[in-house]
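Everything below concerns the one structure shown next.
Values in this document were obtained by computation on a predicted structure and should not be read as measured data.
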Amino acid sequence: MNWILLLIAGLFEVGFATCLGKAKETTGSTALFWYAGFLICLTISMALLVKVTKELPIGTAYAVWTGIGAVGSVLVGIFVFQEPATFWRVFFITTLILSIVGLKFVSN
């Protein structure tokens, strides 16, 4: 169950990064909406991270949480913000995903 919560926490990390990107593109009340989304996603992500670190090793949990956030944020950047999907970006994101999976397998 803790691994599922950690995955959800990582997805909310992607959510708060996405909200920051969208807030940067807008102004006025629309930007405030995205900043509110940022705060909500941040709060949920951090609360879930705190919860799972009571059972999972902090180093592993934090590495997986940031890895999910990094991979998700790059994918959102590519698909939502039209950032380039160069060979090297895809290569290193793939190695990051493999590292996250590896951490899951070697953790208790």
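A distance of 10.0 Å separates CG in Leu75 from OG1 in Thr18, rounded to the nearest 0.5 Å. Between the NZ atom of Lys104 and the CG atom of Leu7 there is a distance of 11.5 Å, given to the nearest 0.5 Å.
Contact between Leu96 and Ala70 at its shortest, heavy atoms only, is CD2-CB, 3.8 Å. Closest of all the heavy-atom pairs between Ser73 and Val14 is N-CG2, 4.0 Å. In plain terms, the two heavy atoms of Ile68 and Leu11 that are nearest each other are CG2-N, 3.9 Å.
Listed by first then second residue, pairs satisfying salt bridge (Lys or Arg N to Asp or Glu O under 4.0 Å) with a partner in residues 31-42 number zero, not counting sequence neighbours. Among residues at least two apart or in separate chains, there is no salt bridge (Lys or Arg N to Asp or Glu O under 4.0 Å) pair with a member in residues 35-45. Within the structure, the salt bridge (Lys or Arg N to Asp or Glu O under 4.0 Å) test picks out no pair touching residues 29-46 (sequence neighbours left out).
Other cluster members for Leu98: none, since no ILVMFWY side-chain heavy atom sits under 4.5 Å from it. Val90 belongs to no hydrophobic cluster with other residues, because no ILVMFWY side-chain heavy atom falls under 4.5 Å from its own, directly or through intermediates.
By the side-chain contact (heavy atoms from CB on, under 4.5 Å) test, Val74 pairs with Ile78, Arg89, Ile93, sequence neighbours left out. Remark: Phe81 engages no residue in a ring-ring contact (aromatic ring centres under 6.0 Å, His included) (not counting sequence neighbours). Here Ile58 pairs with Thr53 under the side-chain contact (heavy atoms from CB on, under 4.5 Å) rule; sequence neighbours left out. For Phe91, the side-chain contact (heavy atoms from CB on, under 4.5 Å) test picks out Phe87, Trp88, Thr95, with sequence neighbours left out. Glu55 pairs by the side chain to side chain donor-acceptor pair (under 3.5 Å) definition with nothing, not counting sequence neighbours.
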Which atom pairs, one a donor and one an acceptor, fall under 3.5 Å between side chains of residues 19-40 and the rest of the protein, sequence neighbours left out?
from	atom 1	to	atom 2	distance (Å)
Thr26	OG1	Lys22	O	3.3
Thr26	OG1	Ala23	O	3.4
Thr26	OG1	Ala31	N	3.4

Which side-chain N or O atoms in residues 45-52 pair as donor and acceptor under 3.5 Å with protein atoms at least two apart or in another chain?
from	atom 1	to	atom 2	distance (Å)
Ser45	OG	Ala9	O	2.8
Ser45	OG	Trp65	NE1	2.9

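Under the 4.5 Å side-chain heavy-atom criterion for Ile, Leu, Val, Met, Phe, Trp and Tyr, Val76 and Phe92 are members of distinct hydrophobic clusters. In the hydrophobic cluster analysis, where Ile, Leu, Val, Met, Phe, Trp and Tyr join through side-chain heavy atoms closer than 4.5 angstrom, Tyr62 is grouped together with Leu42.
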